[in-house]
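Read through the structure below, which is laid out as structure tokens, and then see the notes.
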Amino acid sequence: NYVTELFESVQHLLSHLCTNIGYEFYQQPQLAQGLCMTVLGNLQGLPDFRLRAINRMFFKNFINKCPVHFFTPVLIPILKQIAPMMLSRLQERWNYLRKLREDPSFDEDNADS
């Protein structure tokens, strides 16, 4: 599917920019605002497997490769947008799993439950 390949290619490209260009990438004017409006614009609408792909392909390198000098202007605004959404998403999943385990018909040996 073209859209899926495009999505994954953009994540890989952003990851390579963080890794290979490094300092020059992070010093781009309005980088945090641009990423928040585009790449992070509608994370709530993404299914979990797409969100995991963004985490694995882009965010991991974006956070690990960010120079200390750019923590405040770039990293903090991005994390302010991502962290609350991720927390609520994880809480939803944990609540769902907790309810599932409390169900009397839950079978631990059956992975399909």
Side-chain angles (χ1 to χ4, degrees):
N1 185 331
Y2 175 75
V3 175
T4 302
E5 288 180 22
L6 182 63
F7 173 82
E8 291 177 358
S9 294
V10 167
Q11 302 310 315
H12 284 292
L13 175 66
L14 289 169
S15 177
H16 286 295
L17 289 171
C18 298
T19 305
N20 298 330
I21 296 179
Y23 192 87
E24 289 80 13
F25 174 67
Y26 289 96
Q27 73 178 4
Q28 294 302 310
Q30 306 296 316
L31 176 64
Q33 293 80 4
L35 288 174
C36 286
M37 291 178 3
T38 57
V39 176
L40 312 175
N42 192 18
L43 291 180
Q44 297 86 353
L46 288 178
D48 287 346
F49 72 97
R50 291 280 176 233
L51 197 53
R52 279 192 299 273
I54 290 175
N55 285 334
R56 189 179 62 251
M57 287 186 251
F58 172 55
F59 288 144
K60 181 179 167 184
N61 279 335
F62 184 77
I63 293 168
N64 287 335
K65 303 296 181 182
C66 184
V68 175
H69 179 71
F70 294 106
F71 279 10
T72 302
V74 177
L75 195 56
I76 300 298
I78 299 274
L79 291 175
K80 280 183 178 178
Q81 181 168 344
I82 296 171
M85 188 275 307
M86 291 290 218
L87 178 63
S88 71
R89 191 99 168 226
L90 285 170
Q91 287 173 333
E92 283 177 23
R93 288 302 283 167
W94 279 113
N95 288 335
Y96 170 76
L97 292 172
R98 194 174 299 121
K99 286 179 186 176
L100 196 66
R101 300 247 351 193
E102 292 171 356
D103 186 1
S105 64
F106 177 74
D107 181 11
E108 268 189 53
D109 296 328
N110 184 0
D112 295 335
S113 295

Specify whether F25 and F62 have parallel, tilted or perpendicular ring planes, treating 30° as the upper limit for parallel and 60° as the lower limit for perpendicular. perpendicular
In terms of hydrophobic clusters joined by side-chain contacts under 4.5 Å, are [X] and [Y] together?
X	Y	answer
V3	F49	no
Y23	I76	no
M57	I63	no
F7	L51	yes

Search all heavy atoms of [X] against all heavy atoms of [Y] and return the closest pair with its distance.
X	Y	answer
L75	C66	CB-SG, 4.1 Å
F58	S15	CD1-N, 4.0 Å
A32	I78	O-CD1, 3.8 Å
K60	R56	CB-O, 3.9 Å

Would you give the length of the straight line joining atom [atom1] of [X] to atom [atom2] of [Y], rounded to the nearest 0.5 angstrom?
X	Y	atom1	atom2	value
N61	N55	CG	CG	12.0 Å
D103	R98	CG	CZ	15.0 Å
I54	R50	CD1	CZ	9.0 Å
K65	L17	NZ	CG	13.5 Å
H12	E5	NE2	CD	11.0 Å
H16	T19	NE2	OG1	7.5 Å

Show your reasoning for whether side chain to side chain contact (heavy atoms under 4.5 Å, CB included) applies to I21 and Q28. CA-CA 11 Å; I21 296 179; Q28 294 302 310; over 6 Å; no
Residue set satisfying ring pair (Phe, Tyr, Trp, His ring centres under 6.0 Å) with F71, at least two apart, ordered chain then number -> none
Could you tell me if the side chain of L40 sits less than 4.5 Å from the side chain of F59, heavy atoms only? yes
Please examine the side chains of M86 and L43, heavy atoms only from C-beta on, and report whether any two atoms are closer than 4.5 Å. no
Of E92, K99, R93, which meets side-chain contact (heavy atoms from CB on, under 4.5 Å) against Y96? R93
Output every pair passing side-chain hydrogen bond (donor to acceptor under 3.5 Å, both in side chains) with a member in residues 80-91, not counting sequence neighbours, ordered by first then second residue. D48-R89
Given side chain to side chain contact (heavy atoms under 4.5 Å, CB included), test H69 with Y26 step by step and report yes or no. CA-CA 9 Å; H69 179 71; Y26 289 96; over 6 Å; no
